[in-house]
Amino acid sequence: MRGAVIHAPGDIRFETLDAPKIIQPTDAIIRTAVTCVCGSDLWPYRGAEPTEHAHPMGHEYVGFVEEVGSQVTAVEPGQFVVGSFATSDNTCANCRNGFPSNCLNREFMSTCQAEYVRIPNAQGTLVATDGVPDEKFWPGLLAVSDVMGTGWWAADAAEVRPGSTAVVVGDGAVGLCAVIAAKEMGAERIIAMSRHESRQNLALEFGATDIVTERGEEGVARVKELTGGIGADSVLECVGTAQAMSQALHSARPGGNVGFVGVPHEVAVDGQELFFSHVGLRGGPAPVRRYLPDLIDRVLTGAIDPGQVFDLTLPLSEVAEGYKAMDERRAIKTLLKP
């Protein structure tokens, strides 16, 4: 089969790889319907994370079941399935407590920008749709496998409530999906922090009521100005940089909450400052599997359309251009078709 391999920063290649096989009886093999490039894939692409040896890339996927291991009964060959970037057995204590992304048998997906993918823990990870969805829904369902599920987790962790005010820090695919989530959870006011017109327009379409273009201390001051000098009830941090985390913490009101879902890079939180802020802080890898049935239904009924975050579609063979376009901010998110 063919798939994407990173060799060094800025060096993505489309290569011939060994086709995946069933290794454990809990595995499944899927034929990829569509996959994509994630903002977090840009960390190694930009050299912010080391690439010590060439390896496959990608952790977002939807597709058709080709083969299942002997212990997999939840899905069967031929079904269209959606999964999570973090696999889970859905039976351990952490899964039962609502955190399948911290499953005791968790494996992170890392080979999904390819024609076929092996899914560990398939029994607890994959959710089959009722029949094969129309292709117009595939981008939205693909978004559910990570960025929409992660945006939902940001809103959930930040405790967005009906009638509340939410701030979204970050205008990438996760941040835009977080706007959708805040809207769906009933936020009355949604302040999206963005400097890019195309992303601002999409945020407004998704439900944002205000746009803040300033960053850092100026951005915090603008949020305070919009919230009567107090700050927001909920802040959704969807970037992962030190500046974004600082901006998020300082934008929340006393008693407010920050949900942080951007993978942290050089982020440090001052314990003394957090102590006196009365701001709650929760985050981590999104428990996407917990949300899958609900989010799949919202996509298929047309309640939400997170597939709009894909503003560039390429054949999988042009995956390198997909990375480059996102790195240069010519695209929000690249959809790849095998």
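What's counted below: heavy atoms across the whole structure, side chains too, no hydrogens, waters or symmetry copies.
Between the side chains of D146 and T150, at least one donor N or O lies within less than 3.5 Å of an accepting N or O. A donor and an acceptor atom, one from each side chain of T165 and E188, are nowhere located under 3.5 Å apart.
At distances below 3.5 Å, not a single donor-acceptor pair connects side-chain atoms of W152 with backbone N or O atoms of V288. Between the T35 side chain and the E60 main chain, a donor and an acceptor come within less than 3.5 Å of each other. D233 places no side-chain N or O within 3.5 Å of a backbone atom of R161 that could act as its donor or acceptor partner.
A side chain to side chain donor-acceptor pair (under 3.5 Å) check over residues 77-86, counting only residues at least two apart or in different chains, returns nothing. The salt bridge (Lys or Arg N to Asp or Glu O under 4.0 Å) analysis of residues 260-269, with sequence neighbours excluded, yields no pairs. Residue pairs satisfying the ring pair (Phe, Tyr, Trp, His ring centres under 6.0 Å) criterion with at least one member in residues 314-338, sequence neighbours excluded, are listed as follows: Y45-Y323.
Counting heavy atoms of neighbouring residues, nucleotides and ligands inside a 6.0 Å radius, atom CD of E214 exceeds 12 of them. The local environment of CD in E218 is sparse, with at most 12 non-hydrogen atoms from other residues, nucleotides or ligands closer than 6.0 Å. Counting heavy-atom neighbours within 6.0 Å of R282 CZ, excluding the residue itself, gives a total of 12 or less.
Between F108 and F85, the two ring planes are parallel [angle under 30°; tilted spans 30° to 60°].
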